[in-house]
Protein chains: 2
Amino acid sequence: MDDQITATFAALADPTRRAILARLALGESSVTEIAAPFEMSMPAISRHLKVLEKAGLISRGREAQWRPCKLKAEPLKQAADWLDEYRRFWEESFDRLDEYLKTLQIKEKRDAGKNNGNGNKRR
Amino acid sequence: MDDQITATFAALADPTRRAILARLALGESSVTEIAAPFEMSMPAISRHLKVLEKAGLISRGREAQWRPCKLKAEPLKQAADWLDEYRRFWEESFDRLDEYLKTLQIKEKRDAGKNNGNGNKRR
DNA sequence: TTCTTATTTAACGTTATGGTTATTTAACTT
DNA sequence: AAGTTAAATAACCATAACGTTAAATAAGAA
């Protein structure tokens, strides 16, 4: 079993699988129900479900001939925790941008008299 | 963009690439420096960097014959935002949902007694 | 120019991924 | 027992991913 987080990210790196998770966020669902919205054969969906199951992102029960799938969010939490280690980088960059823009504004004010008033629009 | 998040998750689904990002979290770094800790050829690292670059997770400059790599966290933020949609599922798990599921299981057990006890032979 | 260092690209092989159709398994229905 | 429905597996194919070594490119140093 390749690293849990590797399996999680790999599972999430497919639009179909993310869509399946989004569907399961609305509630448990059978394979046929899950497959319905996709222009894709049942076996293809079945295999996507297997990937999700191996990654621990869903669990499957048995109810007569149906195999209800259920979202399991624990691996998502792990992934979120991993990403959180980098949070400062995207928050920092905004801070720096903000600071940079502030210094620009100060400069502008200082320079205002000298300038042609061309301005400097954010974004 | 949907393609963007796919590229991001795919890029993160590799331990080497995650390690590279961790390394870059400590600061800008050249390809050789990045490659050093890995038992892997330079071209292999170069390709990993290309994947990271395509996913927008790093940027590369030019400084003489070196190509300093720098972490770019914006796609990580996107990924974190995507995951955040599921936060309630891992926070909810010990509250209402779990309790509800437990009562369901109790019901099932209770109902199981009504069966003819035929067992369930699997071939 | 020639040499050295840093990095990328080319060419190649192996394995993984994602899809298909056809078949099989499993459980319910008649 | 025979038929229906739900889902998984088998067999197959095309392409992408990940690694290798060897060669090419780019810039700096001698």
Side-chain angles (χ1 to χ4, degrees), chain A residues 1-3 5-21 23-24 28-55 57-70, chain B residues 2-3 5-21 23-24 28-55 57-70 108 111-112 114-123:
Chain A
M1 283 187 202
D2 199 28
D3 209 338
I5 197 133
T6 295
T8 302
F9 280 134
L12 296 179
D14 182 287
T16 303
R17 287 194 291 264
R18 289 198 305 278
I20 289 173
L21 292 182
R23 168 71 184 77
L24 291 180
E28 257 182 74
S29 193
S30 75
V31 177
T32 315
E33 285 171 336
I34 291 167
F38 299 99
E39 290 187 1
M40 198 181 290
S41 69
M42 197 67 112
I45 297 295
S46 189
R47 293 180 53 170
H48 280 305
L49 291 174
K50 195 171 225 172
V51 172
L52 290 169
E53 190 180 26
K54 274 199 174 178
L57 284 162
I58 64 169
S59 66
R60 285 194 272 190
R62 164 74 80 179
E63 214 172 294
Q65 66 256 228
W66 293 275
R67 308 295 313 271
C69 296
K70 199 179 128 194
Chain B
D2 181 68
D3 222 16
I5 198 140
T6 295
T8 302
F9 281 134
L12 296 179
D14 183 288
T16 303
R17 287 194 290 265
R18 290 198 305 277
I20 290 173
L21 292 182
R23 167 71 184 79
L24 291 179
E28 257 182 72
S29 193
S30 75
V31 177
T32 315
E33 284 171 337
I34 291 166
F38 299 100
E39 287 187 3
M40 198 181 291
S41 66
M42 197 66 113
I45 297 295
S46 188
R47 280 165 184 240
H48 281 304
L49 291 174
K50 195 173 225 173
V51 172
L52 290 170
E53 189 180 27
K54 275 199 175 177
L57 284 163
I58 64 168
S59 67
R60 285 195 272 190
R62 163 74 79 180
E63 215 172 291
Q65 66 258 226
W66 295 274
R67 309 295 312 274
C69 297
K70 200 178 129 193
E108 272 174 53
D111 292 349
K114 294 179 189 167
N115 274 347
N116 61 10
N118 220 358
N120 119 9
K121 299 176 209 168
R122 311 189 70 176
R123 263 205 87 187

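Letters A, B, ... mirror the listed sequences (proteins, then strands); counts begin at 1.
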For this session: With the side chain counted from C-beta on, respond yes when B:Arg23 and B:Pro37 share a heavy-atom pair under 4.5 Å apart, and no when they do not.
Result: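 SC-SC contact between B:Arg23 and B:Pro37 ruled out.
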
Exercise. Side chain to side chain contact (heavy atoms under 4.5 Å, CB included) with A:Ala44: which residues, sequence neighbours excluded?
Worked result: A:Met40, A:Ser41

Rounded to whole Å, please give me the gap between [atom1] in [X] and [atom2] in [N].
| X | N | atom1 | atom2 | result |
| --- | --- | --- | --- | --- |
| B:Glu28 | C:dA6 | CD | C1' | 16 Å |
| B:Leu52 | C:dT8 | CG | P | 12 Å |
| B:Leu49 | C:dA6 | CG | P | 15 Å |
| B:Glu33 | C:dA6 | CD | P | 10 Å |
| A:Phe9 | C:dT17 | CZ | P | 16 Å |
| A:Lys54 | C:dG18 | NZ | C1' | 15 Å |

Seminar exercise, completed: Letter by letter from the 5' end, nucleotides 15-30 of chain D scores (B base, S sugar-phosphate only, - none; protein heavy atoms under 4.0 Å) ---SBBBB---SSS--

For this session: Check whether any side-chain nitrogen or oxygen of B:Lys50 sits under 4.0 Å from OP1 or OP2 of C:dT9, and answer yes or no.
Result: yes

For this session: Quick one: do A:Leu21 and A:Ile58 satisfy side-chain contact (heavy atoms from CB on, under 4.5 Å)? Show the steps, please.
Result: CA-CA 8 Å; A:Leu21 292 182; A:Ile58 64 169; 4.1 Å; yes

Problem set entry | Main-chain N/O of B:Gly61 paired with B:Arg67 side-chain donor or acceptor, under 3.5 Å | yes

Exercise. Could you walk me through whether B:Ile5 and A:Arg18 pass the side-chain contact (heavy atoms from CB on, under 4.5 Å) check?
Worked result: CA-CA 10 Å; B:Ile5 198 140; A:Arg18 289 198 305 278; 3.3 Å; yes

Please output the side-chain donor-acceptor pairs of residues 7-14 of chain B that fall under 3.5 Å, not counting sequence neighbours, one pair per line with the distance.
from    : atom 1 : to      : atom 2 : distance (Å)
B:Thr8  : OG1    : B:Gln4  : O      : 2.9
B:Thr8  : OG1    : B:Gln4  : NE2    : 3.1
B:Asp14 : OD1    : B:Thr16 : N      : 2.8
B:Asp14 : OD1    : B:Arg17 : N      : 3.1

